[in-house]
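Below: one structure, written as structure tokens.
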Amino acid sequence: MLCSVSTLHLFSHPNSNSPTSQNLHNLLHSFNTPFELKQLHAHLIKTNTPLSTLPLPLTKLALVTALTPDFPYAQCVFKHLDKPEIVFWNSCLKAWAEGQSPFDAILLFYQLREFDIVPDDFTCSFVLKACAALSDVLNGRIVHGYVEKLGFRSNLFLQNMIVHLYASCGAMGDARLLFDKMSQRDVVTWNIMISQSVKSGDVEGAFELFSLMPERNVRSWTAMIAGYVQCGKPKEAIHLFMEMEEAGLRPNEVTVVAVLSACADLGTLDLGRRVHEYSNCSGFRGNVRVSNTLIDMYVKCGCLKDACTVFDEMEERTIVSWSAMIAGHAIYGQAEEALSLFSKMVQIGMKPNDVTFIGLLHACSHMGMIDKGREFFNSMTRDYGIIPRIEHYGCMVDLFSRAGLLQEAYVFIMNMPIKPNGVVWGALLGGCRVHRNIELAEEAIQHLLELDPLNDGYYVVLSNIYAEAERWEDTAKVRRLMRDRGVKKTPGWSSITVDGMLHEFAAGDESHPQAEEIFQMWGKLLQKLKIKGYVPKTSIVLLDVEENEKEKFLYRHSEKLALAFGLMKTPPGMPIRIMKNLRVCEDCHAAMKLISGIVNKEIIVRDRNRFHCFKDGSCTCNDYW
DNA sequence: GACCAATTCC
């Protein structure tokens, strides 16, 4: 403040009777408080300089003035300027609504009303923006009332903002009501309704709107495509993307991000690559979000190398880029790379966030690095002030359980400051299966059945545990429990893309047009496998049937069918990429290791948890999964 | 003198 006061003397400095515009500019930038503004004002009055000739940025003037506890004084200043007073208040509202203090914008709005300053349509738009930023539906309703009272009902901009405000605050009913009675709507109105319907979980409703709207722009398509991705329907998203291309619209960066996410979910590398090329041709190469999504897409499509290339070529990286790359290495079991990437990141001063640590903990648990995992878990709060989320606890329990530290895992759960969820108990249950601890498994399942009684996965693991112990009565009990509760086993499926076509296989699937050849192919493989010492792991078949019956069940597993088909269709030297919706089965894992050596081919399997890259008879997971 | 809708890592 002292600095500003002293710079005031510049005005009356003997050598500068009229200040140059440059130092006047500098001077004005140093005004930050109402007190300083009053000083300036006083000076201008004294020197008879009209306020309106000041090159002061409007927003700045408005901000400084509005901070005055002496509201009428500010008003009086604005009245001496050559523009309507409301313009200055609007600049102020805009700055606050879009900045860090939207609540002050709302307060100022009420103050204007108190001083009988009549808001115009712009005033309303900025206050609505402030309400939206705060998800403040209560004040939003009041402002909506003013919009009506002030006669702005035919202002489409404002109406759209109000629809958006209600919808984004979760008041979808109000949004819909307003939407229905609007006398005119434009494409923005429809787009708002589409994206907000998706957010409220109603994709069908969104698609209905999308179908009904009279004209669509790129944003309409993008909203719908992103909507499908968000609600776990990546196939529909890709389908719609194709239609969009056919309709002759050019996808923008956001469309590209949405489609790439769909490709990541489905593992459709072909389309992912094509969109990558399109993205480069369209000048999106420098777009950080696009690159981040590309990293994720390549990681989830089994091309860690391509993900690394994208990452390396990025000119600007955000924490999302680093986290995506760390998580990428983690699911391939490359813990060393994940950790060294983290060190580099910290070295250049990038601050990790909660997601970064989920990736790191994942890396540790996939490779059994218990001490490192503990270290990261402690460091995250101690060094970075990040409060662990349930996901972090889940990773820790997974880390301990997989490594066989079941007791430690149990104690860890008991000491958690937040209520353990299904993932946490599920991780313990998984460890109990690997390390054959029936007692603790039963404890875990008690909690799981309470938390998530309809999740079939837990029942299956428990019955696996009983089956491996040959406790058939208990296995039957679990299956009875499932039946009584109406829990259906999620059918396992595997998919593989050949010549751009996605082929899906369920267990024992005979519906494929080439089913017969596929089974023949498997028969041939089986012979070679047995020579190599393959013994079918029949204990994982949950049925109390004859051994040879069990084998038949094993041989019909979807990942084996997909693999046989892949071997028929993939040219030499080209890796086979298989996606599975559940975890890869133990028997299939053992078989694939051997097959990779027999056929001298790389087999990359994405399961629910991670990647397995089979090559020369072994898997990158080192059988630690 | 200015207002409306969307995107990435878990």
Side-chain angles (χ1 to χ4, degrees), chain A residues 57-59 62 81-84 86-95 97-98 119-130 132 147 152 155-165 167-168 175 185-199 217-227 229-230 251-262 264 284 287-297 299-300 307 310-311 314 317-328 330-331 352-362 389-392 394-395 423:
Chain A
L58 200 61
T59 315
L81 294 170
D82 56 354
K83 286 177 188 109
I86 191 67
V87 172
F88 296 93
W89 295 119
N90 286 351
S91 323
C92 184
L93 286 168
K94 177 177 151 70
E98 291 170 355
D120 64 8
D121 43 351
F122 287 90
T123 320
C124 296
S125 84
F126 298 131
V127 192
L128 286 168
K129 202 171 210 179
V147 169
F152 298 134
N155 184 320
L156 197 46
F157 269 101
L158 289 178
Q159 295 301 312
N160 283 345
M161 288 187 87
I162 296 165
V163 171
H164 177 248
L165 176 64
S168 66
R185 308 178 187 113
D186 63 4
V187 67
V188 176
T189 325
W190 288 89
N191 289 353
I192 291 169
M193 286 302 288
I194 289 171
S195 53
Q196 294 299 323
S197 294
V198 169
K199 259 197 197 135
N217 62 15
V218 180
R219 281 195 178 208
S220 324
W221 288 89
T222 304
M224 201 57 234
I225 292 169
V229 177
Q230 276 159 31
N252 66 17
E253 293 97 314
V254 184
T255 326
V256 164
V257 166
V259 186
L260 288 173
S261 300
F284 305 156
N287 185 303
V288 184
R289 288 178 205 252
V290 169
S291 298
N292 291 344
T293 317
L294 276 169
I295 292 173
D296 187 49
M297 184 275 292
V299 162
K300 291 185 177 150
V310 173
F311 180 80
M314 284 173 80
R317 301 185 188 96
T318 63
I319 185 59
V320 177
S321 330
W322 290 92
S323 301
M325 209 57 242
I326 288 171
I331 58 169
N353 65 12
D354 50 342
V355 183
T356 321
F357 279 99
I358 293 175
L360 287 168
L361 294 176
H362 235 97
R389 293 203 321 237
I390 192 79
E391 287 87 348
H392 299 97
C395 287
V423 177

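Sequence lines set the chain letters: A, B, ... in the order given, protein chains first and strands last, and positions in each chain run from 1. Computed from a predicted structure; not experimentally measured.
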Salt bridge check, A/Arg289 against A/Glu253: does any charged N sit closer than 4.0 Å to a carboxylate O?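 Answer for the salt bridge query: no.
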Counting just side-chain N and O atoms, does A/Lys129 come under 4.0 Å of either OP1 or OP2 of B/dA2?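 For B/dA2, OP1/OP2 do not have a side-chain N/O of A/Lys129 under 4.0 Å.
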Using OP1 and OP2 only, check whether a side-chain N or O of A/His392 sits under 4.0 Å from B/dC10. no
So what does A/Asn90 hit on the nucleic acid, given a heavy-atom distance under 4.0 Å: a base, only sugar-phosphate, or nothing? base
Under 4.0 angstrom, heavy atoms only, what part of the nucleic acid is A/Asn155 near: base, sugar-phosphate, or nothing?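 No contact.
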Hey, is A/Phe157 stacking on B/dC3? Ring centres under 5.5 Å, planes under 30°.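 Stacking is present between B/dC3 and A/Phe157, given that their ring centres fall under 5.5 Å apart and the planes under 30°.
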I want to verify a distance call: between [options], whose nearest atom is closest to the [X] side chain?
X: A/Pro84; options: B/dC9, B/dA6, B/dG1; answer: B/dG1
X: A/Lys94; options: B/dC9, B/dA6, B/dC3; answer: B/dC3
X: A/Thr222; options: B/dA6, B/dC4, B/dA5; answer: B/dA6
X: A/Val87; options: B/dA2, B/dG1, B/dT8; answer: B/dG1
X: A/Val254; options: B/dC4, B/dA6, B/dT8; answer: B/dA6

Just by modelled atom types, is the A/Phe122 backbone N or O under 3.5 Å from a matching donor or acceptor in the A/Ser125 side chain? yes
Any donor-acceptor N/O pair, A/His362 side chain to A/Ala327 backbone, under 3.5 Å: no
How close or far is atom P of B/dA6 from atom CG of A/Leu260, stated in whole angstroms?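 After rounding, the reported distance stands at 20 Å.
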Rounded to the nearest Å, what distance is computed from the CZ atom of residue A/Arg389 to the P atom of nucleotide B/dC10?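 Between P of B/dC10 and CZ of A/Arg389: 11 Å.
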DNA chain B contacts among residues 352-361 of chain A, heavy-atom distance under 4.0 Å: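 When residues 352-361 of chain A is checked for heavy atoms under 4.0 Å from DNA chain B, the hits, listed by number, are A/Val355, A/Ile358.
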Base B/dA6 to side chain A/Asn191, donor-acceptor N/O within 3.5 Å cut-off: no
Judged by nearest nucleotide, the residue sitting upstream toward the 5' end of DNA chain B, A/Asp120 or A/Glu98, is A/Asp120
